[in-house]
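Written out below as C-alpha cells is the structure these notes cover.
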Amino acid sequence: MRVVLVGPPGAGKGTQAQFIASNLSIPKISTGDIFRANVSGGTELGKLAKEYMDRGDLVPDEVTVAMVRDRLGEPDAQEGFLLDGFPRNVPQAQILNKMLAEFGTSLDAVLELVVDDEEVVRRLAGRRTCRSCGKVWHVVFDPSSTEGVCDACGGELFQRDDDREDTIRHRLEVYQEQTSPLISFYAEEGILQGVDATGPVEEITQRAMAELRRFAD
Ligand code: ADP
Ligand code: AMP
C-alpha cells in the first residue's frame, strides 16, 4: 500500500508509523528523520535544513521534494511505503501525485491523526528521541526504564531543539496555515480517513489498521 500520515506535530505520526509500516511490511519514510540524520551528519542538506527546522518553518519545497523523489526511487519503496511528515502543503501533495503518476501508481490512503492542541503540546514538551535508533519516548506517557537511556538499544535520549515551547507554538501555526489544507485536498480525492489519535498507542494502531484494511479491499 501507498499511505500518507498527516496530523499536527506531536499527533503521534512517528510513533504510529513504525507499527503500521511494520504491520504492512513497507518502509516508513519520515522527511523529519531524514533531515535530522543530515543535520547530525553535517551534510550540505543538513546545514541548509537546520535553520528552517530550528525556527519551526518548513524547509523549501524544492529541497524537500528532491529528497523524497530520491527516496521513493529506492528499491524497497517500489511495492509500497508509509510517508510520515510529507507532504506538508498542497504544492508538495500535487508534486507527489505527479511523481507517483510517473511511476504509474497513486496513493491508496491518507490517514489524518486527530488530537487537540493541548494534548499536542503535552506530547511535544515531554518527547525524547534516541540518538542511535531514533525511537521516540515520552517522559510521562511512555518513559524508558532508565532516564536518558533508550530501552530498545541503550542509546542516549535527547530533546529535539524544535520541541521548545515557543517553537512548538510556531509549528502549530505552520500546521494550521500550510498543512491543514491537505485535509480537504485529500478528502476531495476520496482517500482521506480521520483516526482518533487519543488513548493507548496500540489502540490507535488497531484503529488505523482497520481503516487501512477498508482501503485495501
Ligand atoms: P509526530 O511524529 O506526529 O510529531 P511523535 O510520534 O513523535 O509525533 O509523538 C510525539 C510524542 O507523543 C512522543 O513523545 C510520543 O512518545 C508521545 N505519544 C505518541 N503517541 C501517544 C499516545 N497515544 N499517548 C500519549 N503519548 C503519545
Ligand atoms: P517532523 O519530524 O515531521 O516534526 O519535522 C521536523 C521539521 O523538519 C519540520 O518542522 C520542518 O522544518 C522539516 N520538515 C519535515 N518534513 C518536511 C516537509 N515535508 N516539508 C518541509 N519541511 C519539512
Side-chain angles (χ1 to χ4, degrees), residues 4-21 28-39 45-46 48-69 71-72 82-96 111-130 134-144 150-152 157-164 167-175 177-179 182 195-208:
V4 165
L5 283 187
V6 291
K13 298 182 298 297
T15 302
Q16 291 302 324
Q18 57 189 351
F19 297 115
I20 298 170
K28 157 191 157 170
I29 299 176
S30 157
T31 42
D33 285 353
I34 304 175
F35 282 134
R36 278 184 291 279
N38 276 277
V39 171
L45 174 63
L48 189 152
K50 189 174 185 323
E51 63 170 288
Y52 295 94
M53 295 172 79
D54 284 350
R55 286 200 302 266
D57 284 328
L58 297 186
V59 178
D61 286 351
E62 59 271 25
V63 176
T64 308
V65 163
M67 184 176 90
V68 171
R69 188 185 289 277
R71 181 63 187 88
L72 291 182
L82 178 62
L83 281 169
D84 155 21
F86 183 93
R88 222 42 173 240
N89 57 27
V90 170
Q92 290 183 6
Q94 288 165 331
I95 294 173
L96 176 64
L111 296 185
E112 179 200 0
L113 298 188
V114 181
V115 283
D116 64 37
D117 277 7
E118 275 174 37
E119 177 66 9
V120 154
V121 173
R122 275 195 291 272
R123 288 185 185 183
L124 291 181
R127 171 158 65 184
R128 298 291 182 274
T129 308
C130 176
K135 185 167 169 27
V136 177
W137 299 89
H138 191 283
V139 289
V140 176
F141 304 139
D142 185 17
S144 62
C150 178
D151 280 349
L157 301 185
F158 74 102
Q159 181 165 26
R160 280 171 45 172
D161 289 342
D162 58 353
D163 280 347
R164 298 189 345 253
T167 319
I168 292 174
R169 236 178 288 119
H170 181 61
R171 284 157 66 211
L172 287 173
E173 284 164 13
V174 169
Y175 178 79
E177 283 164 20
Q178 301 189 45
T179 310
L182 289 178
V195 174
D196 173 5
T198 55
V201 168
E202 313 77 60
E203 281 180 23
I204 300 165
T205 308
Q206 281 166 17
R207 280 175 218 147

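All ligand and atom numbering here is 1-based and tracks the order in the structure.
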Tightest non-hydrogen contact, residues A21 and L82, listed as N-CD2, 3.9 Å
Give yes or no for whether the N/O distance cutoff of 3.5 Å, strictly under, is met between T15 and ligand 1. yes
What protein heavy atom is closest to atom 26 (N) of ligand 1, reported as residue, atom name and distance in Å? F141 CD1, 3.4 Å
Listed partners of E118 passing side chain to side chain contact (heavy atoms under 4.5 Å, CB included), at least two apart: D116, R122
Distance under 4.0 Å to a non-hydrogen atom of T31: what atoms of ligand 2 satisfy this? 15 (C), 16 (N), 17 (C), 19 (N)
Looking only at heavy atoms, is any part of I204 under 4.0 Å from ligand 1, and if so is it the side chain, the backbone, or both, or is it neither? side chain
Quick one: does N89's side chain get under 4.5 Å of Q92's, heavy atoms only? yes
Tell me whether K13 reaches ligand 2 (any heavy atom closer than 4.0 angstrom to a ligand atom). no
Would you say that L58 contacts V174 through its side chain, given a criterion of any heavy-atom pair below 4.5 Å between the two side chains? yes
Per-atom contacts of ligand 1 with V136, taking only distances under 4.0 Å to non-hydrogen atoms: 7 (O), 13 (C), 14 (O), 15 (C), 16 (O)
Within the structure provided, determine whether H138 and R128 are in side-chain contact (heavy-atom separation under 4.5 Å). no
Do the side chain of K50 and the main chain of F35 share a donor and acceptor less than 3.5 angstrom apart? no
With the threshold set at 4.0 Å, does a side-chain nitrogen-carboxylate oxygen contact exist between E173 and R169? no
Just by modelled atom types, is the I34 backbone N or O under 3.5 Å from a matching donor or acceptor in the N38 side chain? yes
Proximity winner for atom 8 (O) of ligand 2, if only heavy atoms of E51, K50, M53 are counted: M53
Examine P200 against ligand 1 and note whether any of their N/O atoms are separated by less than 3.5 Å. no
Taking distance alone, with N or O pairs closer than 3.5 Å, would you say F86 contacts ligand 2? no
Does an N or O from V59, backbone or side chain, lie closer than 3.5 Å to an N or O of ligand 2? yes
Any idea which heavy atoms bring L96 and P87 closest together, and the distance? CD2-CD, 3.9 Å
Would you mind running through ligand 1 and noting each atom that sits below 4.0 Å from a heavy atom of W137? 13 (C), 14 (O), 16 (O)
Do ligand 2 and R88 have nitrogen or oxygen atoms that lie under 3.5 Å from each other? yes
Should you measure from each heavy atom of D57, which atoms of ligand 2 turn up under 4.0 Å away? 11 (C), 12 (O)
Contact (N/O only, under 3.5 Å) between P9 and ligand 1: no
M53/R36 under side chain to side chain contact (heavy atoms under 4.5 Å, CB included): CA gap, chis, key distance, verdict: CA-CA 9 Å; M53 295 172 79; R36 278 184 291 279; 3.8 Å; yes
Where is the nearest protein heavy atom to atom 4 (O) of ligand 1: which residue, which atom, and how far? G10 N, 2.8 Å
Please write down residue, atom name and distance for the protein heavy atom closest to atom 23 (C) of ligand 2. F35 CE1, 3.7 Å
What do we get for D33 next to ligand 2 when only non-hydrogen atoms under 4.0 Å count, side chain, backbone, both or neither? neither
When you measure from atom 8 (O) of ligand 1 to every protein heavy atom, which one gives the shortest distance, and what is it? G12 N, 3.2 Å
May I ask you to check whether Y52 has an N/O atom sitting below 3.5 Å from an N/O atom of ligand 2? no
List every atom of ligand 1 that sits less than 4.0 Å from any heavy atom of K13, numbering the atoms from 1 in the order shown and giving each element. 1 (P), 2 (O), 3 (O), 4 (O), 6 (O), 8 (O)
What verdict does the side chain to side chain contact (heavy atoms under 4.5 Å, CB included) test give for L48 and V63, after you've listed the backbone C-alpha separation in whole Å, the side-chain angles of each residue and the deciding distance to 0.1 Å? CA-CA 9 Å; L48 189 152; V63 176; 4.0 Å; yes
At under 4.0 Å between heavy atoms, what of T64 touches ligand 2? The answer is side chain
Can you tell me the protein heavy atom closest to atom 24 (N) of ligand 1 and the distance? R123 NH2, 3.5 Å
Check whether any side-chain heavy atom of V195 lies under 4.5 Å from a side-chain heavy atom of Q16, and answer yes or no. no
State, without any angle test, whether D162 and H170 hold a side-chain donor-acceptor pair at a distance under 3.5 Å. no
Sub-4.0 Å heavy-atom contact, G199 with ligand 1: yes
Which of the ligand 2 atoms, numbered from 1, are nearer than 4.0 Å to a heavy atom of R160: 1 (P), 2 (O), 4 (O), 6 (C)
The criterion is ring-ring contact (aromatic ring centres under 6.0 Å, His included); which residues satisfy it with Y52, sequence neighbours excluded? none
Among all protein heavy atoms in this structure, tell me which lies nearest to atom 19 (N) of ligand 2, with the distance rounded to 0.1 Å. G85 O, 2.9 Å
So is G7 touching ligand 1 or not, going by heavy atoms under 4.0 Å? no
Give the atom numbers and elements of ligand 2 that come within less than 4.0 Å of a heavy atom of R171. 4 (O)
If we number the atoms of ligand 1 from 1 as shown, the ones under 4.0 Å from a heavy atom of G14 are 1 (P), 2 (O), 6 (O)
Measure from atom 7 (O) of ligand 1 to every heavy atom in E119, R127, E203 and give the option owning the shortest one. R127
Using a strict cut-off of less than 4.0 Å between a Lys/Arg side-chain nitrogen and an Asp/Glu carboxylate oxygen, indicate whether D54 and R164 qualify as a salt bridge. no
Please identify which atoms of ligand 2 are closer than 4.0 Å to at least one heavy atom of Q92. 18 (C), 19 (N), 20 (N), 21 (C)
Side chain to side chain contact (heavy atoms under 4.5 Å, CB included) for V90 and L182? Distances and angles first, verdict last. CA-CA 6 Å; V90 170; L182 289 178; 4.3 Å; yes
Flag D162 as yes when one of its N or O atoms lies below 3.5 Å from any N or O atom of ligand 2, and as no otherwise. no
Is there a salt bridge (Lys or Arg N to Asp or Glu O under 4.0 Å) between R171 and D163 once you walk through the steps? CA-CA 9 Å; R171 284 157 66 211; D163 280 347; 3.0 Å; yes
Trace of the side chain to side chain contact (heavy atoms under 4.5 Å, CB included) decision for V201 with D142: CA-CA 10 Å; V201 168; D142 185 17; 5.8 Å; no
